[in-house]
Amino acid sequence: MPGKSFYGLNALNQDSEKRRIPVTPMKDTIKIMILSAARDAHEKGILPSRDFPEVFLETPKIEAHGDFSTNFALISASVQKMSPKKIAEAVVDRLEDVRNWIESVEVAGPGFINFHLHPSAWHHVLEAVHTQGKRYGAVDLGKGRRIQVEYVSSNPTGPLHVGHGRGAAVGDSVANILSFCGYDVQKEYYINDSGRQIETLGRSVFLRLKALLGDTEPFPKECYQGGYIRDLAREILELKGRGMALGPEAEGITFCARYAAGKITEGMREDLVRFGVTFDRWFSEQSLYDAKKVDRTLSELKARDVVYEKDGALWFRTSAYGDEKDRVVVRNGGQPTYFASDIAYHRDKFERGFEKVIDVWGADHHGYIPRMEAAVEALGNARGRFKVILVQLVNLLRGGLPVAMSTRAGEFVTLREVIDEVGKDAARFLFLTRHHESPLDFDLDLAKKQSNENPVYYVQYVHARISSILKVGKERGIEDASFSEETASLLLAHEEIQLLKALSTYPDVIRQGAVFMEPHRVTFYLMDLASLFHAYYNKHRVLTDDPALTHARVSLILAIKEVIQNGLFLLGVSAPEKM
RNA sequence: GCGCCCGUAGCUCAGUGGAUAGAGCGCCGGACUACGAAUCCGUAGGCCACAGGUUCAAAUCCUGUCGGGCGUACCA
């Protein structure tokens, strides 16, 4: 116990030590200032209650309201039974500006406390970015805890289309952000390589195969219509000869199903690699059956007494866990439903030791969420350990007009085609320019445009531009761009302070992106930062006649480059040196 | 019918209860003999769908209404 307080004193008293730990974001430091001022006011008997709310510090939209502002006094009013203004004044009177950051503090409006900081306060941000480098913004939320993100998981019955691309972009970026924030993340793809759909796939290919040999039987509507089915049939014909089509149907279908599913899965894997998405594991549904895990799951459900028989089928009492009705897990006839294997799959995930399990689903599956949550809970896992991220659909446009897509007719624009046409970077970035639950118009023509209409290049251009400046700088003999307190203090232009402020909020953006699992926050942040940089660039020269100022500015743009690169990486987008 | 998501500038969208609601695009007018003009600067544009409620404070939370999307299978 004595050690603890000693440590605290020690850390506060040594000025030089203090300077070496600018790692604490500015906001936290100011929050602590406010709290200790409030405590002090309480001890002096000015504030009656010692029950203080959490301090929210925000950056006001209006510059006249300061660099930071807090509603602390307002939300304390009811507890303290005092007017917000009086509380605010009591706090302001006792603020101890240990780091000498504060230029002025004022009580404004109904009781806001507004902080105006010295420009020098912001220079520490630059130090933080330089010392932390690639780790800048990496708030440790996960502390090494294991989390799994499962995404795409498209059935191997046809190629990936644009909608899957959005799911891939969102899932992959969420996984990246969580990983950056200290979680031990596993990226997984679930392959539905079993059941009725796969049988239909096999039948489709088998029938096309027979047709190749002159069979005139009409092709059923419920079969997969796409041209890729014929291609697969041709491959099989080449591989196995005519015997396959003429032999027993059941065997033919089974072979075709397995062959087609394997081929299609392989194709999806290749498309995803081109898209910059790689998984740690591809998990086969069939493997659950092979390992008897579906059976064992059903036994466990029986043991837990959450299933019952009715009309010859086995029902899961999901309604007892918030679902609107009970669901069948084994059909009349003994066939397990997909729900059964999904339960087994999620049981397996938790058995593998993940503390949290995230599924990224298309919005058309949202009706499935309550039953899956019910299942997870019925198996003894706390509700919060399972989360579904819903991704809304994508409307594909070309020049503002919708591109006709019909999955059933087999006419759709594949993800592969989109990547080939607009490029991986543009596609991934644009998929992340919306909240994932908001529908997205994806315009192929716009995605290709190398103009201000296309935000990808706007952000990447910052990186290329800075790289270019650094190159020129190097030619002029500027080698050292490391942080230095003396030169950093020369960064006093309004645009420079704005950039430093923007850099200081990056950790917050990342934290929110991780907590809410919303990568679009990073996208928007990057566009804002890019905008500030471009404005700065057009107004000020980085490479000047003044060596000290040049050094300061080079170290500033280096920090911007670092953050841009880092943010783009989290989105799965490259940061080019040249464009 | 019931459930979920959405309704914010002409268009596409941000906005975890805070002060005067923000971007981009589009329109119009400007800025390169200097580090990359894929850039920048300047105007204009709003009953945050509507009506109540909660509170010091609501685009944000609650209830209802209207409009759009999706779901509501012994399909996935």
Side-chain angles (χ1 to χ4, degrees), chain A residues 56 58 60-62 64-65 69-71 73-75 77-78 83-84 108-112 114 153-155 157 192 195-197 200 222 310-315 323-325 327-339 342 361-370 390 392-393 395 400 433-435 437-441 443 446 449-462 464-473 475-476 478 511-512 515-516 518 520-521 523-525 527-528 530-531 533-544 550 553-554 557 578-579:
Chain A
F56 294 102
E58 60 170 57
K61 291 163 198 151
I62 301 153
H65 291 161
S69 117
T70 182
N71 60 359
L74 293 160
I75 51 181
S78 56
S83 84
F112 290 103
N114 295 341
S153 299
S154 165
N155 293 334
T157 54
N192 278 105
R196 196 176 279 177
Q197 290 202 28
T200 304
E222 64 274 15
K310 195 181 90 182
D311 306 331
L314 190 68
W315 295 71
D323 197 7
E324 57 185 279
K325 54 186 271 197
R327 309 290 175 175
V328 170
V329 282
V330 180
R331 283 189 275 253
N332 181 356
Q335 278 287 317
T337 60
Y338 278 94
F339 185 38
D342 281 341
W361 291 355
D364 53 337
H365 287 65
H366 79 251
Y368 209 75
I369 296 175
L390 279 186
Q392 272 290 349
L393 61 118
N395 298 310
T433 53
R434 296 280 180 280
H435 187 279
E437 279 192 17
S438 153
L440 170 70
D441 289 336
D443 195 310
L446 189 142
K449 274 195 194 161
Q450 302 189 352
S451 74
N452 53 3
E453 287 169 74
N454 195 332
V456 195
Y457 301 114
Y458 188 75
V459 174
Q460 285 186 322
Y461 189 44
V462 173
R465 220 175 199 180
I466 291 177
S467 303
S468 175
I469 299 171
L470 293 174
K471 194 168 150 244
V472 174
E475 284 161 13
R476 297 187 192 169
I478 300 160
R511 182 190 290 112
Q512 288 172 355
V515 169
F516 300 114
E518 295 176 344
H520 76 281
R521 290 169 183 274
T523 316
F524 279 92
Y525 171 82
M527 292 193 285
D528 285 345
S531 166
F533 171 76
H534 287 313
Y536 175 57
Y537 175 87
N538 274 278
K539 190 161 174 189
H540 302 279
R541 292 189 59 76
V542 175
L543 307 173
T544 67
T550 301
R553 290 187 170 170
V554 169
I557 66 167
K578 276 190 229 171
M579 293 170 62

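Just so it is clear, the structure is predicted and the values come from calculations on it, not from any experiment. Every chain is numbered from 1, with letters handed out A, B, ... down the list of sequences. These numbers come from the heavy atoms of this one structure, side chains and all, not from hydrogens, waters or symmetry mates.
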Would you indicate what A:Gln512 reaches in the nucleic acid, counting non-hydrogen atoms under 4.0 angstrom: base, sugar-phosphate, or nothing? base

A:Leu446 CG to B:rA38 P, in whole Å, measures 17 Å

Just name whichever nucleotide pairs with B:rC27, Watson-Crick or G-U, keeping both distances under 3.5 Å, else none. none

B:rU16, OP1 or OP2 - any side-chain N/O from A:Arg511 closer than 4.0 Å? no

Interatomic distance at C1', B:rC47 relative to B:rG3, whole Å: 31 Å

Does the ring of A:Phe533 carry A:Arg465 above it, NZ/CZ under 6.0 angstrom from centre and within 45° of its axis? no

State the pairing partner of B:rA73; accept Watson-Crick or G-U wobble contacts with both distances under 3.5 Å, and report none otherwise. none

Roughly, in whole Å, what's the span from NE2 in A:His366 to C1' in B:rC2? 11 Å

Non-hydrogen atoms of A:Asp342 and A:Tyr368 that approach each other most closely: OD2-OH, 2.9 Å

Expressed as a whole number of angstroms, how long is the span from A:Tyr537:OH to B:rC32:C1'? 10 Å

If the P atom of B:rA14 is compared with that of B:rA31, how far apart are they to the nearest Å? 36 Å

Nearest-angstrom distance, C1' atom, B:rG69 to B:rG30: 43 Å

Pairwise C1' distance, B:rA59 and B:rA21 [rounded to whole Å]: 8 Å

Indicate, with a heavy-atom threshold strictly under 4.0 Å, whether A:Ser468 touches base, sugar-phosphate, or nothing. base

Just how far, in rounded Å, is P of B:rC4 from CG of A:Leu390? 13 Å

If you look at every strand shown and take non-hydrogen atoms under 4.0 Å, does A:Asn114 touch a base, only sugar-phosphate, or nothing? base

Pair assignment for B:rA57, Watson-Crick or G-U wobble, requiring both distances under 3.5 Å: none

Per the atom types in the model, does the base of B:rG18 pair as donor or acceptor with the side chain of A:Asn71 at under 3.5 Å? yes

Side chain of A:Ile75 only, heavy atoms from C-beta on: which candidate in B:rC74, B:rA34, B:rC56 is closest? B:rC56

Determine: side-chain N/O of A:Tyr461 to OP1/OP2 of B:rA38, distance under 4.0 Å, yes or no. yes

Can you tell me how far P of B:rG69 sits from CG of A:Asp441, to the nearest Å? 14 Å

Counting only Watson-Crick pairs (N1-N3 plus N6-O4 or O6-N4) and G-U wobbles (N1-O2, O6-N3), all under 3.5 Å, who is the partner of B:rA51? B:rU63

With rounding to whole Å, what would you report as the distance between B:rA57 and B:rC61 at their C1' atoms? 13 Å

Hey, does A:Lys578 reach any base, or is it just sugar-phosphate, or nothing, if we go heavy atoms under 4.0 Å? base

For A:Ala313, which contact category applies under a 4.0 Å heavy-atom criterion: base, sugar-phosphate, or nothing? base

Between B:rG69 (C1') and A:Gln392 (CD): distance, integer Å: 7 Å

Any side-chain heavy-atom pair from A:Phe339 and A:Val328 closer than 4.5 angstrom? no

Heavy-atom nearest nucleotide on RNA chain B for A:His540 versus A:Thr70: which residue maps closer to 5'? A:Thr70

Nearest-angstrom distance, P atom, B:rC27 to B:rC66: 40 Å

Counting any heavy atom closer than 4.0 Å, what does A:His435 reach on the DNA or RNA strands: base, sugar-phosphate only, or nothing? sugar-phosphate

Please compare A:Val542 and A:Glu58 by the position of their nearest nucleotide in RNA chain B and report the one closer to 5'. A:Glu58

Could you tell me whether A:Thr544 contacts a base, only the sugar-phosphate backbone, or nothing, with contacts defined as non-hydrogen atoms closer than 4.0 Å? nothing

Proximity to the side chain of A:Asp364 - top-ranked nucleotide from B:rG71, B:rA19, B:rC74: B:rG71

Test side chain to side chain donor-acceptor pair (under 3.5 Å) applied to A:His435 and A:Glu518, A:Arg521, A:Gln392, the passing residue: A:Glu518

Heavy-atom pair with the smallest gap, counting every atom of A:Ser531 and A:Tyr458: CA-OH, 2.9 Å

Report which part of the nucleic acid A:Tyr368 touches: base, sugar-phosphate, or nothing (heavy-atom distance under 4.0 Å, all strands). base

Using the six-membered ring for Trp and the full ring for Phe, Tyr or His, decide whether A:His365 stacks on the six-membered base ring of B:rG71 (centres under 5.5 Å, planes under 30°). no

Side-chain N,O (A:Tyr458) to OP1/OP2 (B:rC40) below 4.0 Å: yes

Which whole-number value in Å describes the distance from A:Asp311 CG to B:rA73 P? 15 Å

Are A:Tyr536 and A:Arg553 linked by a side-chain donor-acceptor pair shorter than 3.5 Å? yes

Classify A:Asn155 by what it touches in the nucleic acid, base, sugar-phosphate, or nothing, heavy-atom distance under 4.0 Å. sugar-phosphate

OP1 or OP2 of B:rA14 under 4.0 Å from side-chain N/O of A:Thr523: no

With syn defined as a glycosidic angle within 90° of 0 and anti as the rest, where does B:rC61 land? anti

Looking only at side-chain N and O atoms, does A:Arg465 come under 4.0 Å of OP1 or OP2 in B:rA37? yes

When the C1' atoms of B:rG68 and B:rA38 are compared, how many Å lie between them, rounded to an integer? 36 Å

Tell me what A:Ile369 touches on the nucleic acid: a base, only sugar-phosphate, or nothing, going by heavy atoms under 4.0 Å. nothing

So which atom in A:Ala73 and which in A:Pro84 form the shortest heavy-atom distance, rounded to 0.1 Å? CB-O, 3.3 Å

Check: A:His534 side chain, A:Tyr461 main-chain N or O, donor-acceptor pair, under 3.5 Å: no

Tell me the interatomic distance from A:Ile466, atom CD1, to B:rC35, atom P, rounded to whole angstroms. 16 Å

B:rA19 base stacked by A:Phe112? Criteria: ring centres under 5.5 Å, plane angle under 30°. yes

Could you tell me how far B:rU12 sits from B:rA34 if I compare only their P atoms? Round to whole Å. 40 Å

